[in-house]
Amino acid sequence: MTEKPGKRNFFEDVYEVVRLIPKGRVTSYGAIASYLGSKGSARMVGWALIASHPFTKIPAHRVVNRVGMLTGKQHFEEMDTMQERLEQDGVQVVNNQVVNFKELFWDPAKELF
DNA sequence: CCAGTGACGGCTA
DNA sequence: TTAGCCGCCACTG
């Protein structure tokens with residue numbers, strides 16, 4: 001996807017944060033964007049994940065929107081892939097929604113540094 | 001170059 | 001309280 005120098009830094013940063021997400025935990029796009037400094041640009045985080053999907057192997061299934069809904073499941077290899085992977089991590093998902101999302105929520109700005 | 005879109009989030013009615 | 005609109009940033013057509 002025509003990686004350009006400079007902006008790619010933002011992408012790499014997203015990948016690193018996502019990779020640091022502990023198993024059984026989930027985070028939101030806004031939290032990552034805020035941690036990167038581009039708070040408000042949560043969309044860019046999602047875009048970065050799309051771009052990284054087939055190229056960079058990262059637990060993108062641990063990233064959901066601020067409601068805990070698996071909005072991006074449609075972008076996975078299969079729609080159920082995201083939910084299955086989450087259940088594999090021990091995260092309960094019902095109706096495309098993470099159960100106890102608030103408890104499983106992992107904030108990089110707080111937990112990470 | 002201009003307009004539309006998109007794994008979102010926060011604010012206002 | 002719930003529903004809808006606008007805003008941020010990058011990419012495609």
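Each chain gets a letter, A, B and so on, in the order its sequence line appears, and its residues count up from 1.
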Protein-nucleotide distance (A:R43, atom CZ; B:dT5, atom C1'), rounded to Å: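 Interatomic distance, CZ of A:R43 to C1' of B:dT5: 8 Å.
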
Distance in angstrom units between A:L36 CG and C:dC9 P, rounded: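 From A:L36 CG to C:dC9 P: 13 Å.
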
Roughly how far, to the nearest 0.5 Å, is the NZ atom of A:K23 from the CD atom of A:Q88?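 Atom-to-atom, A:Q88:CD and A:K23:NZ are 7.5 Å apart.
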
Considering just the side-chain nitrogens and oxygens of A:S41, establish if one lies under 4.0 Å of OP1 or OP2 belonging to B:dG9.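 No.
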
Counting neighbours of CD on A:E87 that are heavy atoms of other residues, nucleotides or ligands and sit closer than 6.0 Å, is the number greater than 12?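 Yes, CD of A:E87 has more than 12 neighbouring heavy atoms, counting only those of other groups under 6.0 Å.
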
Report, as yes or no, whether the 6.0 Å neighbourhood of atom CD on A:Q74 holds more than 12 heavy atoms from other residues, nucleotides or ligands.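 Not more than 12 within 6.0 Å, no.
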
Sugar-phosphate only, base, or nothing, as touched by [X] at under 4.0 Å among non-hydrogen atoms:
X: A:G40; result: base
X: A:A48; result: nothing
X: A:S38; result: nothing

Out of [options], whichever nucleotide has its closest atom nearest the side chain of [X]:
X: A:M44; options: B:dA7, B:dG6, B:dC8; result: B:dG6
X: A:N65; options: C:dA10, B:dA7, B:dG9; result: B:dG9
X: A:R66; options: B:dG9, C:dA10, C:dC11; result: B:dG9
X: A:W47; options: B:dC8, C:dC11, C:dA10; result: C:dC11
X: A:A60; options: B:dA7, B:dG6, B:dC8; result: B:dA7

Using the P atom in both, what is the distance from C:dC5 to B:dT5, to the nearest Å?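 Pairwise P distance, C:dC5 against B:dT5, rounds to 15 Å.
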
Does A:D89 reach the main-chain N or O of A:V91 with its side chain, forming a donor-acceptor pair under 3.5 Å?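 Judged by distance alone, no pair lies under 3.5 Å.
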
